[in-house]
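Note sheet for the following structure.
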Amino acid sequence: MRDPFRGRICAVSYLQKPEGVPRVTEQVRVRFAPSPTGHLHIGGARTAIYNWAFARRHGGAFVLRIDDTDQERSTTENTEAILRAMRWLGLDWDEGPDRPGDVGPYYQSERYDLYAESLEVLKANGGAYPCFCTPDELTAKREAARVKGGFSGYDRTCRGIDPAAASSRIDAGEPHVWRVAVPQDRGDITIEDAIRGTVTWSGESVDDFILARTDGTPTYMFATVVDDWKMGMTHIIRGDDHLSNTPRQIMVFEALDAPVPIFAHMGLIHGPDGKRLSKRHGATSVEAYRDEGVLSAALLNYLSLLGWSLDDTTNVFDADTLTSRFDLSRVSSNPAVWDKEKLEWMNGVYIREMSDGEFVDAMLPWLESESLIAADAIPARREWLEKLAPLVSERTKYFTEIVPMVRFLFADDLQIDETSRAKALSKEGSGRSLAAAVEKIEALDTFDVAHIESALREVPAEVAVKPKIAFQAVRVAVTGNVVSLPLFESIELLGKDTAVDRMRSAVSLSEE
RNA sequence: GGCCCGUUCGUCUAGCGGCCUAGGACACCGCCCUCUCAAGGCGGAGGCACGGGUUCGAACCCCGUACGGGCUACCA
């Protein structure tokens, strides 16, 4: 039986008030809340993509919030890099640091008064209580509980302190934190996860966790709930590393008398070893892939497919298709292993779909950075470059592969690979073929691919050499390697003079 | 340890009780094309973790086991 809640996105009564009246919401609102303690990584990007696609699909709002409560490690450079990477991927947000909406500010560090306000509400309605236990005491209790087995959460020692006594201790300046008071009679906590279906926790398994630290700052668990509530989030789509945190957060929503949004927990991205993806698995930042020459459309497509499927056969699709077809019920709840080879293949697909002009534009920065071509020389060589484009695009997966492939076309003096020389220029007949080939090329009046090809095809028979030997000899002479772009086209692009020079000097290199 | 989640080809997945002798894609292997390498075409190998139920019938539902992951912070 199909789970009736799976993928549910009802506009009406979507909220999960345990016994409350269903509320009506007019618009889907979701958020992506990265912590600027590093660059945008693959996993975060995928979370952002799913939230963005979900919002677009349902005509809702995609909100970007910067969770920078970790003042130590958060930097503005990281925030900028994250925004840059998101824009590069084409993920546009409706509200965010640079696009204020009605529920800002969009930096958690600027929302402390809101957290304080909510904490006051909880203090007043008994949803929070002060705890004077010291960190050392807590650690000891935790260890003891763990040794005994079973529940290892806070033992609620301070919950029994008389309110009057507690406030005089606070007035006396005794250090304390504020904990949430989980109702003793709360019973089971159940969510209808839009991806995984029903998930239940027993009420006793949720401990009175800390809302505000000794220094008064809110913990993530508290701040995120206040924000999701005050920012009107209807759905929380995130990695399943947050699934276990959900019942705790629900306790805060309820204590605040705030509507509980619909949750959707997707499987994490893992490395080949089955552990969640991290730096030690190699490049994990979006911009690192961009710098290797991965196209944003390809990365978006690949990431979309890592944990979601459009149907049973479609692999390649554009952003419009994603935003019109994305569906939480088709998001996978199990972890996905990052497969760089499939990304490479997909990038190749996108590269091959580019027009020659587009490909030239994309390739140029790589040629320029290796000083293969100067910026001011480009306009005059545009036509030549567009001729080169299809030869290269068909063979590239990552743009980093291009320079080695085309270097022979730009080098003043060709470096002949020794292994290739030994292989192709030392065969019986290679020197003879080369000599004949030069004659043929030199005699050409019309220097284009068709003529070059028909001229060279005459060579093997004339010098009584197998075609393969003759062509490979010419290839190494002209390109410097046994593996190269197509020979006849390469010769045309090189130009008659250069091609002839190279062949001539290679004749002497050949061992006959 | 406790709690929660997960388990279909090596990898990403389709599958929602009969359409499944389990479909697609990447990777792999072979053949074709061919001036090399690619690209492309064709074909192949390869999987329901295990054990019990329920049912006329189970990859699909239930229970258990195993394995993997996550959470269990005055981190986010």
Side-chain angles (χ1 to χ4, degrees), chain A residues 1-3 6 33-35 37 67-70 72-74 108 131 133-135 138-139 142 145-153 175 177-179 193 196 199-202 204-207 209-215 217 219-221 223-224 239-248 265 267-268 270 272 274-276 302 305-309 311-316 329-330 332-346 348 352 391-397 405 420 424 453 456-457 460 467-468 470-472 474-476 479 481-488 490:
Chain A
M1 237 259 266
R2 193 182 189 117
D3 185 330
R6 237 181 130 184
S35 186
T37 52
D67 281 10
D68 59 348
T69 48
D70 186 342
E72 296 285 299
R73 298 186 299 148
S74 298
Q108 281 192 328
C131 169
C133 297
T134 66
L138 293 172
T139 312
R142 199 158 41 234
R146 199 168 294 207
V147 168
K148 232 172 64 188
F151 186 66
S152 61
V177 298
W178 286 87
R179 289 182 179 273
D193 192 284
R196 340 176 79 87
V199 183
T200 303
W201 295 264
S202 76
E204 303 85 66
S205 69
V206 182
D207 77 334
F209 66 95
I210 294 173
L211 301 172
R213 306 181 182 103
T214 305
D215 65 2
T217 58
T219 57
Y220 161 81
M221 209 67 74
T224 198
D240 76 7
D241 48 339
H242 288 288
L243 183 58
S244 299
N245 291 150
T246 305
R248 283 196 276 276
H265 291 97
L268 260 25
H270 285 188
K275 308 279 185 203
R276 68 196 278 184
Y302 174 72
L305 237 28
L306 207 59
W308 177 75
S309 59
D311 55 31
D312 56 345
T313 53
T314 310
N315 283 289
V316 180
S329 73
R330 294 191 70 88
S332 170
S333 53
N334 41 32
V337 173
W338 177 253
D339 181 3
K340 198 169 181 224
E341 302 215 302
K342 190 160 183 177
L343 206 215
E344 285 176 8
W345 163 78
M346 189 160 285
R352 274 173 256 125
L391 307 182
V392 179
S393 66
E394 194 172 285
R395 278 157 252 267
T396 96
K397 288 191 168 77
M405 212 184 294
S420 294
E453 174 164 4
L456 289 181
R457 283 200 186 283
K468 200 161 203 162
F471 289 128
Q472 283 300 77
V474 177
R475 182 186 309 284
V476 171
T479 72
N481 204 294
V482 282
V483 175
S484 78
L485 296 183
L487 183 56
F488 313 126
S490 295

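Excluded from the calculations below are hydrogen atoms, water molecules and symmetry mates; all remaining heavy atoms, backbone and side chain alike, are included. Naming convention: chains lettered A, B, ... in sequence-line order (proteins, then strands); numbering from 1 in each chain.
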Query raised in the report: Between the side chains of A/Asn481 and A/Thr479, does any donor sit under 3.5 Å from an acceptor?
Result: no
Query - Under 3.5 Å side-chain donor-acceptor pair for A/Arg475 and A/Ser484 - result: yes
Rounding to the closest angstrom, what is the interatomic distance between [N] and [M] at atom [atom1]?
N	M	atom1	result
B/A25	B/U8	C1'	15 Å
B/A49	B/U7	C1'	7 Å
B/G51	B/G43	C1'	38 Å
B/G44	B/A27	C1'	14 Å

Report summary line: B/C16 -> Watson-Crick or G-U wobble partner, both distances under 3.5 Å, gives none
Checking contacts here: which listed nucleotide ([options]) is nearest the side-chain heavy atoms of [X]?
X	options	result
A/Ser35	B/A14, B/A76, B/C37	B/A76
A/Arg352	B/G70, B/A39, B/C4	B/A39
A/Ser152	B/C4, B/A14, B/G1	B/G1
A/Arg395	B/C5, B/C74, B/U36	B/U36
A/Asp241	B/C71, B/C74, B/C35	B/C71
A/Val199	B/C5, B/U36, B/G70	B/C5

Please identify each residue that fulfils side-chain hydrogen bond (donor to acceptor under 3.5 Å, both in side chains) with [X], with sequence neighbours left out.
X	value
A/Thr314	A/Asp311
A/Glu341	none
A/Arg146	none

Protein-nucleotides 7-11 of chain B N/O pairs under 3.5 Å:
unit_1, atom_1, unit_2, atom_2, d
B/U7, OP1, A/Asn334, ND2, 3.1

Which part of the nucleic acid does [X] contact within heavy-atom distance under 4.0 Å: base, sugar-phosphate only, or nothing?
X	result
A/His265	nothing
A/Leu485	base
A/Ser244	base
A/Pro486	base
A/Met221	base
A/Tyr220	base
A/Gly307	sugar-phosphate
A/Ser484	base
A/Asn245	base
A/Leu305	sugar-phosphate
A/Thr200	sugar-phosphate
A/Cys131	nothing
A/Lys340	nothing
A/Thr224	nothing

Query - Most 5' of A/Ser332 and A/Arg457 on RNA chain B, judged by nearest nucleotide - result: A/Ser332
Requested in this report: By nearest nucleotide on RNA chain B, pick out whichever of A/His270 and A/Glu453 is the more 5' one.
Outcome: A/Glu453
Is [X] close enough to [N] that one of its side-chain N or O atoms is under 4.0 Å from OP1 or OP2 there?
X	N	result
A/Arg142	B/A73	yes
A/Arg330	B/G15	yes
A/Arg276	B/C71	yes
A/Lys148	B/G1	no
A/Ser309	B/A14	yes

Requested in this report: Not counting sequence neighbours, which residues clear ring pair (Phe, Tyr, Trp, His ring centres under 6.0 Å) with A/Trp308? List them please.
Outcome: A/Phe317, A/Phe326
Query raised in the report: A/Phe209: what forms a ring pair (Phe, Tyr, Trp, His ring centres under 6.0 Å) with it, not counting sequence neighbours?
Result: none
Query raised in the report: Any chance NZ of A/Lys468 has more than 12 other-residue heavy atoms, nucleotides or ligands included, within less than 6.0 Å?
Result: no
Report task. Look up atom OG in A/Ser393 and atom CZ in A/Arg352, then write down how far apart they are to the nearest 0.5 Å. Result -> 8.5 Å
